[in-house]
Amino acid sequence: MKKPFHVIYEDNHLIIVNKAAGVIVHADKTGDKTLEDYVKEYIKEKYNKPGDVFLGTIHRLDRPVSGLIIFARTSKGLERMNALFKKRDIQKTYWAVTQRKPPKKKDKLTNYLVKDHEKNVVTAHDYPVENAKKAELHYRYLGTINKFHLLEIEPITGRPHQIRVQLAAMGCPIKGDLKYGYPKPNRDASINLHSRRVYFIHPVKKEPVLCRAALPEDPFWEEFLALDNEDIKDDTMKFLH
């Protein structure tokens with residue numbers, strides 16, 4: 001079995017991990033072991049902690065999605081990271097693979113999303129409707145390999161299933177995402193959406209934190225590394241100054 005996570009960054013206040021696709025972040029009705037459980041076990045073992053380990057969940061990734069998740073190791077870290085997310089003072093970058101090429105090289109998508117909690121499905125609308133939440137993201141096309149297209153996504157808002165449903169609404173469902181219109185599943189039930197990079201100013205240390213998550217160990221994913229270019233880092237810095 002693949003490791004459920006790899007630690008990317010760790011200090012007294014935060015732990016940032018690269019989650020494997022298929023692992024749930026937070027307990028749900030399946031009763032499956034969660035990423036929270038795994039990370040707590042890791043902290044308990046590494047630091048010989050007696051009793052319960054504090055771990056604050058700041059945000060989530062859907063089960064079939066891989067990549068970066070930030071947890072807080074202290075209540076101070078949790079409170080301050082929650083404030084950072086609320087103010088949107090954090091830049092998250094995702095990679096998504098689609099079979100259809102997007103209509104533009106780069107664009108901003110705005111939709112109004114309604115979640116059906118019973119079915120756990122989100123519907124995207126082009127205009128405000130009852131109970132809808134506004135969702136916005138930027139995407140840019142990075143290139144094509146073997147007839148599949150790599151997009152880089154920067155969500156502005158953080159809505160459930162946002163990237164999945166917004167790309168599908170644009171006519172570009174993510175590879176493997178049956179829920180949002182892709183015709184066939186990936187063999188391991190993952191989808192080709194990966195939380196690739198995160199950048200923020202550490203809320204306690206006041207230092208910049210820039211983390212990058214390696215792609216899943218999968219030959220299909222790894223081919224797209226050829227499209228990774230270093231000037232993106234400069235974009236990240238520009239974005240934040």
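All residue numbers refer to positions in the sequence shown, counting from 1.
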With side chains defined as the heavy atoms from C-beta onward, is the minimum distance between [X] and [Y] less than 4.5 Å?
| X | Y | result |
| --- | --- | --- |
| Trp221 | Val97 | yes |
| Lys175 | Pro183 | no |
| Asp126 | Tyr112 | no |
| Val17 | Leu68 | no |
| Arg196 | Trp95 | yes |

Do the side chain of [X] and the main chain of [Y] share a donor and acceptor less than 3.5 angstrom apart?
| X | Y | answer |
| --- | --- | --- |
| Arg73 | Leu14 | no |
| Asn186 | Asp188 | no |
| Lys19 | Ser66 | no |
| Asp89 | Phe200 | no |
| Asp11 | His13 | yes |
| Asp177 | Ile174 | no |
| His138 | Leu109 | no |
| Asn111 | Leu113 | no |
| Lys179 | Asn120 | yes |
| Thr144 | Lys147 | no |

Would you sort out whether Glu36 and His26 count as a side chain to side chain donor-acceptor pair (under 3.5 Å), showing the intermediate values? CA-CA 6 Å; Glu36 290 174 355; His26 198 63; 2.7 Å; yes

Tyr127, OH: over 12 other non-hydrogen atoms inside 6.0 angstrom: no

With a 6.0 Å cut-off (strictly less than), is the heavy-atom count around NZ of Lys49, excluding the residue itself, greater than 12? no

Only one of Lys134, Glu136, Gln162, Gln166 forms a side chain to side chain donor-acceptor pair (under 3.5 Å) with Thr157, so which one is it? Gln162

Run the ring-centre check on Phe148 versus Phe220 and record whether the distance is less than 6.0 Å. yes

Is it the case that the ring center of Tyr94 lies less than 6.0 angstrom away from the ring center of His194? no

Please work out whether the ring planes of Phe5 and Tyr42 are parallel, tilted or perpendicular, with thresholds of 30° and 60°. perpendicular

When the ring planes of Tyr180 and His161 are compared, do they come out parallel, tilted or perpendicular, using 30° and 60° as the limits? perpendicular

Identify whether the distance between the nearest side-chain nitrogen and carboxylate oxygen of Lys3 and Glu217 falls below 4.0 Å. no

Less than 4.0 angstrom from a charged side-chain N to a carboxylate O is my criterion; do Asp107 and Arg140 meet it? no

Could you go through Asp52 and Lys40, starting from their C-alpha distance and side-chain angles, then the distance that decides it, and tell me whether this counts as salt bridge (charged side-chain N to carboxylate O under 4.0 Å, His left out)? CA-CA 8 Å; Asp52 285 345; Lys40 279 182 178 179; over 6 Å; no

So among Val209, Ile15, Ile90, which one has a side chain to side chain contact (heavy atoms under 4.5 Å, CB included) with Ile70? Ile90

Determine the sole option in Glu154, Glu152, Met170 for which the side chain to side chain contact (heavy atoms under 4.5 Å, CB included) test with Tyr139 is passed. Met170

